[in-house]
Amino acid sequence: MKLLAAWLGLTLLAMPATGAECRSETYRDDAYTICEVDLTVERLELFLADDDGKAFGHFGTLDNALKEQGLKLGFATNAGMYHDDRRPVGHYVENGVEVQRVIPNAGPGNFGLLPNGVLCLRDGRADVIETLAFVEQAPACRSATQSGPMLVIDGALHPRFLVDSTSRYIRNGVGTSRDGTRAVFVISDSVVTFHAFGSLFRDHLKLPNALYFDGNISRMRAPDLGRSGTGFTSLGPIIGVIEPAQ
């Protein structure tokens with residue numbers, strides 16, 4: 001964490017003090033909070049645990065740790081499914097260190113609703129990639145998190161999403177642009193189906209690939225909207241925009 005923060009501090013000195021652009025929006029009668037990150041000017045990072053191996057668990061805890069290094073947390077959201085001890089269920093890499101290998105086969109819960117996928121972070125870009133394609137391509141991700149199901153796969157909705165589904169939950173996820181320079185994070189502000197959530201990414205946000213993160217435990221930190229994302233449940237992986245403290 002300390003080495004990462006020192007390196008980030010040097011990197012961020014050359015970057016403008018911008019943050020993710022967040023907004024509230026309604027699509028097909030469902031309310032959402034949407035945060036867009038421009039990877040050409042903003043720095044997205046994944047975080048799981050502190051230097052002692054203790055999961056950050058909350059946005060405020062992570063923000064406090066970053067402030068000790070002269071940085072701060074801007075936009076943030078939970079970033080993938082995790083076990084009771086906060087270990088990631090799927091593939092997880094943080095700044096070149098692999099915590100969990102890629103899981104190519106079906107796993108528990110929604111993670112096993114194949115195909116699932118991986119969010120791959122590289123310098124200046126972010127890409128959602130279907131898991132088997134990710135294994136075949138073997139991209140050199142600086143950081144990565146695997147979750148599922150995929151919401152949108154090369155412009156198509158997940159084949160198992162039903163228009164008339166009765167399964168409605170708070171849901172959050174991420175979609176990426178074809179050139180990888182834009183990552184769009186969304187949380188529903190009311191319960192929605194997978195079909196409705198995927199359709200938002202494909203038809204409204206026009207993103208070719210999108211990945212589901214999680215359901216009712218999901219939270220989003222959007223400072224510009226006065227949204228802190230506090231909650232009682234301790235989270236596993238967290239993704240957020242890192243900014244200079246001043």
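None of these values were measured; they are calculated from a predicted model.
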Does a donor on one side chain and an acceptor on the other come within less than 3.5 Å for [X] and [Y]?
X	Y	result
T176	D127	no
T33	R227	yes
Y92	E94	yes

Original post:
Taking everything shown except Y169 itself, do over 12 heavy atoms lie less than 6.0 Å from its OH?
Top reply: no

Original post:
Should the pair R43-E45 be classified as a salt bridge under the 4.0 Å nitrogen-to-oxygen rule?
Top reply: yes

Any donor and acceptor pair, going by atom type alone, linking the side chain of [X] with main-chain N or O of [Y] inside 3.5 Å?
X	Y	value
S218	D214	yes
N78	L235	no
R86	D84	yes
D38	T40	yes

**OP:** Tell me whether the centres of the aromatic rings in Y212 and H158 are closer together than 6.0 Å.
**Re:**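 Centroid distance Y212-H158: not below 6.0 Å, so no.
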
Original post:
With R221, which of I238, L73, T77, V241 fulfils side-chain contact (heavy atoms from CB on, under 4.5 Å)?
Top reply: L73

**OP:** Any chance you could lay out the side-chain contact (heavy atoms from CB on, under 4.5 Å) test for L66 and K72, step after step, and finish with the verdict?
**Re:** CA-CA 5 Å; L66 287 168; K72 67 178 181 179; 5.7 Å; no

Original post:
Parallel, tilted or perpendicular: which describes the rings of F56 and F47, with under 30° parallel and over 60° perpendicular?
Top reply: perpendicular

